[in-house]
Structure formats: structure tokens, C-alpha cells
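Just so it is clear: chains get the letters A, B, ... in the order the sequence lines come, proteins before strands, and each one is counted from 1.
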There are 4 protein chains.
Amino acid sequence: MMLQTLREEVLEANLEVVRRGLVLYTFGNASGIDRQQGLVAIKPSGVPYEELRAGDLVITDLDGRAVEGNLRPSSDLATHLELYKAFPSIGGVVHTHSRFATAWAQASREIPCFGTTHADYFHGPVPLTAHLTAREIEEGYELATGHAIVRRFAGLDPLVFPGVLVIGHAPFCWGKNPMDAAHHAVILEEIAAMAYYATTLNHAAPHLPREVLDKHYFRKHGADAYYGQPGTDTRR
Amino acid sequence: MMLQTLREEVLEANLEVVRRGLVLYTFGNASGIDRQQGLVAIKPSGVPYEELRAGDLVITDLDGRAVEGNLRPSSDLATHLELYKAFPSIGGVVHTHSRFATAWAQASREIPCFGTTHADYFHGPVPLTAHLTAREIEEGYELATGHAIVRRFAGLDPLVFPGVLVIGHAPFCWGKNPMDAAHHAVILEEIAAMAYYATTLNHAAPHLPREVLDKHYFRKHGADAYYGQPGTDTRR
Amino acid sequence: MMLQTLREEVLEANLEVVRRGLVLYTFGNASGIDRQQGLVAIKPSGVPYEELRAGDLVITDLDGRAVEGNLRPSSDLATHLELYKAFPSIGGVVHTHSRFATAWAQASREIPCFGTTHADYFHGPVPLTAHLTAREIEEGYELATGHAIVRRFAGLDPLVFPGVLVIGHAPFCWGKNPMDAAHHAVILEEIAAMAYYATTLNHAAPHLPREVLDKHYFRKHGADAYYGQPGTDTRR
Amino acid sequence: MMLQTLREEVLEANLEVVRRGLVLYTFGNASGIDRQQGLVAIKPSGVPYEELRAGDLVITDLDGRAVEGNLRPSSDLATHLELYKAFPSIGGVVHTHSRFATAWAQASREIPCFGTTHADYFHGPVPLTAHLTAREIEEGYELATGHAIVRRFAGLDPLVFPGVLVIGHAPFCWGKNPMDAAHHAVILEEIAAMAYYATTLNHAAPHLPREVLDKHYFRKHGADAYYGQPGTDTRR
């Protein structure tokens, strides 16, 4: 079987969002990419998580052609592929319908940065995509969703904003590898919940001052980071 | 014992809503129908779920006459029967008092379609019944509840809107079979929660555009569906 | 050891509210009464639930004199005793600080009857007490709390309204026996949660029409009840 | 290994906030102090709780110099040390990003005392710090956070207000020992949740009258306390 390690990583990312309570039934999907071979491993569509095995994952190339696997890939495959093509620095993508992040997407609001929990992971508001046109939907909905995300990220570094809200839909998150993407999905849900409670407590809740945002973001990320243990990937 | 398979399916549907946290004590009830024999299996009234066995289910005909079973059927039996008579395409009915769906029913609001999670299961807002008259309540409350649902569904396909909010009361859901009905009850609760958070975040939250609603509904349902694995019932 | 059966019932009532998630640390307390002997068994003050044994319960008479037990009784004992004296039909009392019921008490609002879940257990709004005077607090706070509840119940049947919100404090519930009181505490919390979500969804949410309130209450309670199994106590 | 008992106490305090659901991934940290030796034991930065052992804790002096341990201490160490220096009566500090307490911090609101659950632990509103200046952040963010807390506590007894909300950030709690601090973190989260629901139910929710606040606080604390068992530390 091809890409055994990648398959295991993608399986773990799929299971992580289940363990953390972000998933109902078969909602959501995680994938990972082998950049050298240009191959993606993704959850098959509509398969229950409790039955999911590494061997059930579908391997496709970046054009979505199945390379290994008998099952149909997640219906959101085209969105994942578009993200891998546009964002060369990412190694994994996770899509969920987690409750609070989805509520913000449904409310058509980006998530303002109200606090340091947010600033530890996103260096500013969680972006929100624009609506698709009827024509885009007709010509290829999932691909157009990918395009809408990429358009929204013009000028933004995807590792500095490791996720997005697709308007009226739900979040997509990503990271250096599949588990990193899953962690961002879990943390985005918590950020979304905290921001929900903060903004309903105080409709004029102030955004985190710029200097605190920078301080928190850069104490965890980049050359001067001092959170976690040096040389290990404990910075979440 | 009659209808062993149906009994097992109805038992599983009853247990599914418990496992998913929709049920407090003995609240709620699930039933299923054998269309060929015109017989319904339903949870007995007020029996704790942890003690419930397939043999405890009550079998009645479509007029509510007990055919097998010593226990009294759910007090909502007449509502279930009315749904089976009016909606020939359904094979299972599930009633719960799940928290968020009940809150919408108590708030006297149908649930607008704010997002794609909703559009994956309901092809528009979750309908709300009208109030019963005092006379209807007096003459047969549970039957009248069934009538109110059926009246609300004039012009609606019950498999395209697999549930309803009974005003001031709680949801009834249904599906092709008992487990399908239970899944719809679970998903309605999640839809109701997401819509609660979306509308309290933004009182002017926009409804999902028609073309996205259609896209999501029809990628999971009907002849052109491409979600899930072909030939298997994984489309939830 | 005295009153072994009552002790076991009171222990179970204490544990029920823990199992159902209504209790943090040592918050809350349950008691039961033996009407023939005029003796009450109550949780000792500040003892962790996981260590609580039937033998740890404190037995007192209706004047609060310890009859058996080396531990100090719950600091709310005087409130329990006042309820037993004023409401001869009750056999158990449960006090919790469960989250949603407490929020209504803190918001100084009685809980309107918005739906049938509520109407199945309370035949109208959940009552709210008036504030105590500074003098009442000084002269005997817990006793005065009991008096405030009893005053609020002038003209109300405590079995028809099996609980109350003490303003700025939290609920007290009761029932025919200790487990019945615990069930009412659990159900009040669910009613309080549903009413919270209903009223924040629709600030003008209508009260349940009188005829539906009566219908639901009386299909579970009184001579014409038809919910549950005849001759068994399954009517919750 | 030094300070074995303190290490075990600090480990338990760290695990308590995890068990109670206040922690996501590696968020948060607990510490304890040995006042005689002037040494502090604190969680290492970014280490998963499930792998945390007493021996992993880092021992530092009050100037933050590592005395034992190979791991880097929590990045919030300087805040903890400042609290130990300014508040001689405390023996443990716990910092979390628990959801509701953090929401109040993000909403820039102190938590009013709406009820007796609050009054049992805080003798008035939960204080909120002022914003740091850009210069303070630059010169030493974590130390400045400690200073901001200490400034806010001018005239307040830290054992009578066993926690604070750092604006735009999250709570810090403390107590006589590490487990006491952890309990206060858990209880603050519950107080914050109840207050959230109370204030969104009634934007004009009244503060608890002074005499009830005093009554509840002093029946659990001080010379005249009568909650719990005499001579044991069961007063939570």
C-alpha cells in the first residue's frame, strides 16, 4: 500500500477532530499531502469514523485522479486540492462543521480577535470568504469554494492565518501536516466559542490591542518564540 | 414474537437518540411501520430506556388497536399513526424533546436555513405547526397534533423536509426507516443549535442563497447525488 | 443504625443529581423525611459526594436536633425542615446550584411556561421568592429562606409546583420522596435551559396556551392521567 | 529530587483543571510555593498534561532562576512569581483559559456578584485588570501582567478575592495551596457561566444585596464560619 505514513497521519487527524467533539456522524474530512510525489490522502466520502482504517483513505494526484483506493473520496476533495496548489507551505487540510465556528460562518461574520487565546494562533481576525456566484456553483461548487478561499487569502500567509470560514458553510483549517491542521480546527472551535460569549456579553467588546496581539503571536511563532520546549513541536 | 426485525430496528432508533444525548429520563419515543402488514411497533409509555427490550415494544394496527404487547404504548401513538397514514413514503417516526429544537418550538419560530449543514438535510426552513384550538385538544390532543403536522405539510414532501417543530412542544422527525428517523432527530438538534448561535450572533443573519441550498441538498439526495459511496446508504 | 431505608433513598437522591451533572464539588444537598417518626435524614455539610455513604447522613428531628450521626448536617438544614413542616405532602427535598435554574434565580425572573416539557411537571411558571430583609438574614438566614418559600406558596399546591427559585440564590425542589425530589431538580434544570434558549431566541416568546398547559399537566398527573404504565411510578 | 510533596501537589492542581474540563491541549499552568525555601514548582511550557509527571515540574527561585529541572518553565512564570511576592498569604497559582471566565475577560467586564454561588467564594465582583501599555509589553510582558494584577488588588485581600480576570486574556486564580488555587479556577469558571446566563437573561439583573453577600461569604469563611465539618478543610 502506498504512502503508509501519510495514511496513518491523515487517519489520526480525522480521529482527532472526532475525539475532540467536533464531528457528528460522517461530517467533516481531513487530508494530507506528500509534496515530493504530489499525492494526497483523503477520507472517503460518507464512511463512519469508527470503521475508518488507514487503508480506506483514497490517494489522488493534484488533479483529483484516484491513484489508489476503491472508495469515492470526500466530496470536498476539489477544495482540498485547490488549497494544496495555492498554499505550498501547508501539508494538511481539515474541514469540519464544528458548532461555534459554523455559527460564525452562518452569521456571515469574521471572528474578531478579542483575546490572547486567539492571538496565540491567528495573527488577526479569522477571515471569511465572499459568496460564490450562481455560475461558479454550477460549474464546480467544491473547486469554486477553493478559489473563494484563495482569493480571500490574497496578501495573507496561510500559516499565519491557519483557517478560514466559508460563508454560510463552515471552517476549513490547515497546517504544516495533517495533525497540525486538526489542532487548528479544534482551537478555532474554542476561539469561536469564546468570541461568541464575549460578543454577546458586550456588543462593543474591544479588539485585542495590536501590541498584545503581536506579543502573543510572536511568543509562540517565528524566530523569537519562547513558548514550549526548544527543538520540539510543543507550540500549541 | 411478531415483527422481530422491525422491533430490533425500532429499539435501535430509540437507543440512538439516547446515545446522542437527546433524551432525559423517559422523554421521547420512536416507532417503525411494516407497510405490508399495516402494523406499527412503538416504545411503551414511561419505560426507562436502559431497561427497554425489543420485546417490550407495543405492536398496534393503524387504528391504534394493540395487536401484541402487554404494556401501554407511548401516549403520542396517535400522532405517529396519523403521520404514517398521511405520509406513505416514511417508515419510522422519532419524537424527542431535544434542547435546541424544543427551544425553537417554544420560541414559535421555524428554523431558517442559515447554512449548508441544514441544506444537507432539509430543503428549506424547518416547518412549524400552527396552534391547536381548545376544541381539538379536548377531542383528542395527540391525534390533533398529527393533523396539525399534516396540514402544515400541504405541498411539502416529507422526505425532503424530514421533520417538523410542533409549536410550544418539540420536534417530530421521520425517515425511510426508524434509524433514518433517529438520525434526522439528531441532525435537527445540531441544526437548531447552530441556527441558535448564528441568529444570536447576528439578528440579520442572511438565509443561505437559493443556489447553495439546492446545490447542497441535491449533492446528497436524488438521482444526481454524489455524496457518500454508491449503492450504500452512507448519505448522512 | 436508624432509618436504613430512608438513608439509602436519601443517598440515592444525592447521587442522582451528581450523576446528572447538576453538582460541582460539594454544592447541593438532598434530604428525606420519615413522617411517622418525624425524623429527617440529610447530607452532612461539605462532604465530597464520592465518599458519601448512607451512614454519613445526619438524622435530626423537625426542630433540627441531631438524633444520630457525628457529622454536622448541611448548612441548609433549617430550610429543609421548614419545607417539611409547611408542606405535609412532600417526602424529600433537593437543593442544587444547577447552572440554568440558578441563572434564572440570579436574573430575578420566574420561569414562564413556554412549552409542554415544562407543563408536564409544573402547572404554571416556576415561582420565585421575594428578597429577605436584612433583619431576617441576621436572625436566621436558612430558616428565613424556608419562610420566604412558604410565603411564596400561599395558595399553591407544592406537588403541583414541585420546586422554587430562591432569588439571587438557586432552586429548591421537592417531591413525594427523595428520588422524586431529585428528578424534579434534574427536570427543572432542563426546563430552565430550554426556557433560556427560547427567550433569548424570541424576547416575545408566547406562554403556552392555558388549554395545552392543562392538557399536558393532567395527562401525567391526577385521576385521569394516561402517561406511563398503570400502577407503576413511571410518570416522569 | 527536591520538594517531592510540593511537586505532587502542583501536579494534582494541574490535573484537577484538566479533569474539570477547563483545559484544551497544553493551555494553562499551575504552580506552588515553598515559602520557607523561597522556591516555586511550576508546569513546564507546552508539555501535554497526559505525559506530565511530578519530576517534569521546574523548580525556580523567586527571581525565576531554574534550580532543578531540564525543561523550560511555563512562559507565564514571571506572572506567578510576581503574585507570590506581592501576596504572602497565597501558596498556589493557577492560570487557565477556561471558556466563560475568558469570555468575560475578552468582553472587558468584571463579573458582578449576581448570586450566592459567587458570594460563597468572592466577597464582591471578580476584579478585572487594566490594559498594559505598549512599553510594559515590550519590556517584559509576563512580569507586567503580574504588576497589573497587583495594582488592581490595591486594598483587596487576595484570599477574599481569590482570582482575577486579565483583560483580553484570561483568569489567574490562587489559594492557600496549589489545590485550593485549582478549586478556585474551577469555581470561577462556574460563576462566570452562571453570570453569563443571568446577564443575558436580564440585562438589568440586580447585584446580590450586600447583606446576602456578607452572609454567604462569612458562613464559609472566617472565625464564624459554619459550613463544612469543623477542623477539616471541606469548605468548598
_chain B-proximal positions within residues 141-150 of chain A [heavy-atom distance under 4.5 Å]_ = A:Tyr141, A:Glu142

Contact origin within [X] toward chain B - heavy atom pairs under 4.5 Å:
{"X": "A:Leu71", "result": "both"}
{"X": "A:His131", "result": "side chain"}
{"X": "A:Arg109", "result": "side chain"}

*Can you find a heavy atom in the side chain of A:Leu57 that is under 4.5 Å from one in the side chain of A:Pro44?*
yes

*Test item: A:Leu39 and A:Asp61 side chains (from C-beta on) under 4.5 Å apart, heavy atoms*: yes

Quick one: are the ring centres of [X] and [Y] less than 6.0 Å apart?
{"X": "B:Phe100", "Y": "B:Tyr197", "value": "yes"}
{"X": "A:His95", "Y": "A:His80", "value": "no"}
{"X": "A:His207", "Y": "A:His118", "value": "no"}
{"X": "B:His123", "Y": "B:Phe218", "value": "yes"}

*asked:* Among B:Glu211, B:Met194, B:Arg210, which residue has the highest count of heavy-atom pairs closer than 4.5 Å to chain A?
replied: B:Met194

_Counting heavy-atom pairs under 4.5 Å with chain A, which one of B:Pro206, B:Cys113, B:Ala205, B:Ala204 comes out on top?_
B:Pro206

*Specify the closest pair of heavy atoms between B:Leu159 and B:Ser89, including all atoms of both residues, with the distance to one decimal.*
CG-OG, 3.6 Å

_Test your reading of the model: is there a side-chain donor-acceptor pair from A:Asp76 to the backbone of A:Thr79, 3.5 Å cut-off?_
no

*asked:* We want to know whether B:Thr200 and A:Tyr196 form a side-chain donor-acceptor pair, criterion being a heavy-atom distance below 3.5 angstrom.
replied: yes

*Interchain contact, B:Leu201 with chain A, by part (heavy-atom threshold 4.5 Å)*: both

